[in-house]
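Note that this is a predicted model, so its numbers are computed, not measured. Order of listing sets the numbers, starting from 1, for every ligand and every atom in it. Just so it is clear, the values below take in all heavy atoms, side chains as well, and ignore hydrogens, waters and symmetry mates.
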Amino acid sequence: MSFTLAIVGRPNVGKSTLFNRLVGKRLALVDDQPGVTRDLREGIARLGDLRFTVIDTAGLEEATDESLQGRMRKLTERAVDMADVCLFLIDARAGVTPTDEVFADILRKRADHVILGANKAEGSAADAGIYESYGLGLGEPVRLSAEHGEGLNDLYAQLMPLA
Ligand code: GDP
Ligand code: MG
């Protein structure tokens, strides 16, 4: 038995970078097919000896008539409902933004299991944001750098009991 992880959070926090790191390039062709929805990308993640399904809420960045806020809410709720566990990413360099608070609220109400990920955490520029993220009330943040592949051991430790 495996589990499904949804990576959620506002645009630009590094969701797709982490998704790509976990999944590799195996999805690139699927993604390029016309008519395939790009709102939610699904792939098979590898992390150490774990294999699990991972969902990237990828449609947030696309311009539509609908407000970003409404779109974020709908997409996030869909991803949450598909997932056993949500990885809520923030940009630790940017600190906690009002939009992050909106996400945290959705997750607190709707998700069974949330892991808080403080991404872009390489270097000391992230320290203040990491400290601030405790205030989201989602527990201790996992320090991550999707771009540099840091913190994946800590993510593994959080996910291992679910496998
Ligand atoms: P998404 O909109 O949440 O999917 O975010 P993306 O994965 O597209 O990343 C947004 C930007 O943040 C890109 O320019 C990435 O290169 C950058 N980024 C992602 N992860 C990291 C990280 O760990 N550290 C830093 N410094 N930048 C990152
Ligand atoms: Mg993305």
Side-chain angles (χ1 to χ4, degrees), residues 4-34 36-48 52-64 66-80 82-83 85-107 111 114-133 136 138 140-159:
T4 298
L5 172 76
I7 306 175
V8 299
R10 66 176 176 80
N12 214 38
V13 294
K15 297 182 299 297
S16 298
T17 305
L18 183 62
F19 177 90
N20 289 336
R21 187 168 277 282
L22 291 171
V23 171
K25 304 215 181 290
R26 277 164 283 163
L27 269 193
L29 279 176
V30 175
D31 225 20
D32 288 344
Q33 282 171 18
V36 172
T37 179
R38 298 166 75 128
D39 283 355
L40 296 173
R41 289 199 301 161
E42 205 177 283
I44 304 298
R46 299 174 178 223
L47 183 59
F52 53 93
T53 303
V54 59
I55 297 168
D56 179 17
T57 43
L60 297 180
E61 293 80 7
E62 286 171 27
T64 60
E66 208 178 342
S67 74
L68 180 62
Q69 196 93 321
R71 221 175 137 63
M72 284 190 319
R73 180 172 289 275
K74 266 198 222 155
L75 260 185
T76 302
E77 287 178 353
R78 262 175 63 201
V80 166
M82 289 166 71
V85 55
C86 294
L87 177 61
F88 173 38
L89 280 194
I90 64 157
D91 175 343
R93 285 164 186 256
V96 174
T97 70
T99 312
D100 291 327
E101 302 274 8
V102 173
F103 274 93
D105 204 47
I106 295 170
L107 292 170
V114 181
I115 298 168
L116 174 61
N119 193 38
K120 310 195 186 183
E122 76 278 0
S124 56
D127 290 351
I130 288 165
Y131 184 68
E132 197 181 10
S133 73
L136 288 167
L138 291 168
E140 187 177 345
V142 178
R143 239 188 127 110
L144 293 170
S145 174
E147 196 158 275
H148 300 272
E150 293 171 17
L152 296 175
N153 286 344
D154 293 334
L155 182 60
Y156 175 91
Q158 297 276 317
L159 295 176

Polar atom proximity, L144 to ligand 1 (N or O, under 3.5 Å): no
N119: numbered ligand 1 atoms lying under 4.0 Å from its heavy atoms: 20 (N), 21 (C), 23 (O)
Heavy-atom side-chain contact between V8 and I106 under 4.5 Å: no
Validation row: L5, T53 side chains within 4.5 angstrom (heavy atoms): no
Nitrogen or oxygen of A121 less than 3.5 angstrom from that of ligand 1: no
Sub-3.5 Å N/O-N/O distance, S16 and ligand 1: yes
N/O/S atom of N12 inside 2.8 Å of the Mg ion (ligand 2), strictly under: no
Heavy-atom proximity to atom 28 (C) of ligand 1, best of E122, E150, H148, E147: E147
Numbering as shown, the atoms of ligand 1 that approach K15 to under 4.0 Å (heavy-atom distance): 1 (P), 2 (O), 3 (O), 4 (O), 5 (O), 7 (O)
E150 and S145 side chains, donor-acceptor separation under 3.5 Å: no
Residue pair M82 / I55, side-chain heavy-atom distance below 4.5 Å: yes
Side chains of T17 and N20, donor plus acceptor under 3.5 Å: no
Lys/Arg-Asp/Glu bridge criterion (N-O < 4.0 Å) met for K15, D56: no
Ligand 1 N/O within reach of P11 N/O, cut-off under 3.5 Å: no
